[in-house]
Every structure is written in C-alpha cells, then in structure tokens.
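Here the structure comes first, spelled out in structure tokens, and everything after it is commentary.
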Amino acid sequence: MIVLGIESSCDECSIALVEDGKRILGHVIHSQVEIHKSYEGVVPEIASRAHLQTIAPVFDETLKQSGLKLEHIEACAVSVQPGLSGSLQVGLSFAKGFSWARGIPYIGVDHILGHLYAAQLEVSIDYPHLALLASGGHSIIGICHSFERFEVLGASIDDAIGEAFDKVAKHHGLGYPGGKLIDELARQGKPLAFKFPLSRLDPTKHRFDVSYSGLKNAVINQSDKFWDGRSEKNLPNIAASFEKVAVDMLYKQVLKAAEQTGLSVLVAGGGVAANTYLRTLMNESKHLQTYYPSLQLCGDNAAMIAGLGYHFLKAGQHSTWEQSVKSRVKDFRHLPLS
Ligand code: KG4
Ligand code: ZN
C-alpha cells in the first residue's frame, strides 16, 4: 500500500510517499529555520502561514521525486497531535482535501508515535522494546508494546532536553536551533572542564523522570561556579560539559528502566537522537542494544508518519471528517486519538 505522509506539526513542512510502512519512494523536508532564525525560536503564526504557502509545492516535488502518479496513492496519514495548532491544521486540511478529492481513506496519527516508529523504516525491531524520545518538546522514556501502544515510564518534569540545548545556544548567541551547533562545538571541547550538576530527583516520586531546568540555569547563570579552575572558559568546553550532563541524565534513567523492565533493546527518536555523544554513549553500552533512525529521520519528517499510518490503515482504522488537532497530549499510556 502506498501511503502519503504529511507532517506540519512545527517548523518542518514535509511530505513522503512510503510503501508498506517501509520503502520510502519520495520524501521532501522543507525547513522553516531561515524564516524563524531572526526570532531565535519558532513563531507559531508565521509557521502556519509558511506551511500554507509551501505544502502544495512540497507535495508536487515529492510526487515528482517518486515517479508515481496520483492514482498510485492509496491512503494518507497526517500528524494531528501534539504540536502547534495552526501548523497541524494546515497538514490536516491538506490530508482531508486530498483524501476527499481522491476518494481514499486517511488517518490522523500521533507525532510522538511517529518519532518512535522512525527507526522501523530502516530496520525491523520486535515489540516490546524500550523507547526514548528526545526532542525539542519532549524527553520521554517508555515501552513500545506495539506500533500504537506506548507506555510512559518517565518524562521531563520541566524543560525538554532539546529545549535546554536551544536555550543554552541562544544564551551564547549561537543561533537557532541550537542542538546541532552545540553538538558541533562540543566535539572540540573538554566534557569535564565544568562539572555541571546532574539533577537529583526523588526516586520514590520520579523513578524514571528527568529534569533540565536546573542544568540549563547552571550553564547559563552559574557556569563559573562549576568550572574546574584549570581548563579554558571557552564555548567548546561549556558545550561539551553541558552536553555530557544532559545526555548522561537520560542514559542513567534509560539504564534503570532497562534493569527494571528486563528490556535491553532501546529505540531512540526525535531531533536530539542525532546527538553525537548520545549515540556514542548508548552504542558503547554493554547493557543496551540501541537503534536510531538515520540522521535525516531523527527530526520531524513525513516518512515516519506515512510509515506509522500504514499500520493503522492495514488494521482497518481511518479517521472521519470530524478529526481535529490537539496541541498537547497529557497521557501517552493509551493511544489518545479521538
Ligand atoms: O524532533 P525535532 O526535530 O522536533 C520536535 O519534535 O521537537 O527536535 C528538534 C530538537 C531541537 O531542540 C534541536 O536543537 C535538537 O532537536 N537537535 C539536537 C541535535 N540536532 C537537533 N540536539 C542535540 N544534538 C543534535 N545533534
Ligand atoms: Zn518532532
């Protein structure tokens, strides 16, 4: 089955054509970074207007790339939650219009589940397995019981890890989005030049949770306090030391989850899953076998949405015209699409 995937939850306008949940036939990711750069963050109103302008050309380009014809497309899958409401509505409206015009079904899917599916586009991984979503909006550790059932074990109690990367980068004037830039700088720095504190959460209340606001504040406002007194107080050293603590925190909780659930296969997803130190640390772990999407599929993309949507459609599920969008999703314990 050839599924058209649509992703517009934040600042990437992406369209994909994927066969049977695996084979990517066409895929275009149009980033709005250049538009939002001067604001040092995504401006929701500008994002939705930009989606409106680019979604049709991005579709045309994807179709051309695939060499397919409109009549080959058998269904649509679109991100409907969580994300920026106005941006999600552009993608959903496009999906509704396309499926109405072509007389084919469409399904609204959860963007988080999409990230957790991304690695499956390239390799087949058995369920259940541990999952780590590390992105600009989320830091979640859980168990994927199936493509549609994700049980949350822990999450950030404040900022998401990607948000912390972005805010530290913004403070140092590195530009937006900052995660990739910090990653690049950190490669030239010493990770022990600053001993930033690993947040200590009460394990009885926050067994697998993480926290980033304390670390972010320490890096931004108190870096001198954590300096080793010898190394250069330069940006690469700050970046490397910050990145180490931010990623170690996730690793510590993932290891605890592996120990307590008896699951040793971990599937990572989300923009921060592209981080060099995170990938090295998890790959070198004797306790985990970790799968990552390729770098292009870590961030927001429509291939993961088409791939995931295929499984819902194959199971006979589809959305009705009442389908709407949700900017926030409180609970991932049960598939929350309504
Ligand atoms: O998954 P994503 O594209 O969008 C959301 O759903 O949030 O993730 C974006 C986040 C941003 O915070 C960005 O700074 C971060 O992923 N990011 C990275 C790297 N590449 C992107 N963080 C650390 N290291 C990277 N290499
Ligand atoms: Zn995302």
Side-chain angles (χ1 to χ4, degrees), residues 5-14 16 29-33 36-37 40-42 44 47 78-84 87-88 91 109-119 131-140 150 155-156 159-172 174-189 191 212 215-216 219 239-240 242-251 267-282 292-305 307-308 327-329 332:
I6 301 164
E7 161 61 39
S8 66
S9 64
C10 190
D11 60 341
E12 258 93 28
C13 186
S14 178
I29 304 171
H30 178 270
S31 169
Q32 298 178 3
V33 162
H36 299 288
K37 228 179 192 169
E40 296 180 310
V42 178
V78 55
S79 282
V80 293
Q81 64 181 46
L84 302 172
S87 293
L88 287 166
V109 301
D110 188 298
H111 176 84
I112 303 292
L113 295 181
H115 275 302
L116 300 178
Y117 182 83
L132 168 66
L133 172 71
S135 72
H138 298 88
S139 315
I140 310 175
F150 177 50
S156 175
D159 295 355
I161 183 168
E163 203 179 335
F165 270 91
D166 293 341
K167 287 187 178 152
V168 167
K170 181 175 174 179
H171 172 78
H172 289 290
L174 296 176
Y176 177 86
K180 192 164 179 287
L181 303 164
I182 296 233
D183 187 345
E184 284 161 13
L185 267 181
R187 307 284 64 77
Q188 304 143 39
Y212 285 102
L215 172 63
K216 178 193 71 187
V219 178
F242 158 68
E243 177 195 72
K244 175 171 167 45
V245 178
V247 172
D248 284 355
M249 195 180 313
L250 276 185
Y251 180 60
V267 175
V272 185
N275 180 265
T276 310
Y277 173 60
L278 184 144
R279 288 169 97 99
T280 310
L281 183 69
M282 308 249 177
Y292 308 90
S294 56
L295 292 182
Q296 199 207 22
L297 297 176
C298 284
D300 291 347
N301 71 85
M304 66 187 192
I305 302 303
L308 171 67
S327 50
R328 283 175 179 271
V329 180
F332 288 96

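Counting starts at 1 for both ligands and their atoms, in listed order.
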If we only count N/O pairs under 3.5 Å, is P177 in contact with ligand 1? no
Starting from atom 22 (N) of ligand 1, find the nearest protein heavy-atom neighbour and note its residue, name and distance. G179 CA, 3.4 Å
Salt bridge check, D166 against K170: does any charged N sit closer than 4.0 Å to a carboxylate O? no
Ranked by distance from atom 15 (C) of ligand 1, the top protein heavy atom is V272 CG2, 3.9 Å
No-hydrogen, no-angle side-chain donor-acceptor test under 3.5 Å, Y277 and D248: yes
Give the atom numbers and elements of ligand 1 that come within less than 4.0 Å of a heavy atom of G137. 7 (O)
N, O or S atom within D300 nearest to the Zn ion (ligand 2), by name: OD1
I need the nearest protein heavy-atom contact for atom 11 (C) of ligand 1: residue, atom name and distance, please. D166 OD2, 3.5 Å
So, regarding E163 and ligand 1 (criterion: nitrogen or oxygen to nitrogen or oxygen, under 3.5 Å), is there a contact or not? no
With respect to the Zn ion (ligand 2), please indicate if H115 possesses an N, O or S atom at a distance under 2.8 Å. yes
Purely on distance, is any nitrogen or oxygen of T276 under 3.5 Å from one on ligand 1? no
Could you pull out, from G136, G299, G162, the option with a heavy atom nearest to atom 10 (C) of ligand 1? G136
If you take the nearest heavy atom of each of S135, C298, G178, which one is closest to atom 5 (C) of ligand 1? S135
Does E12, backbone or side chain, put an N or O under 3.5 Å from an N or O of ligand 1? no
Have a look at G83, G271, A274 and point out the one with the heavy atom closest to atom 16 (O) of ligand 1. G271
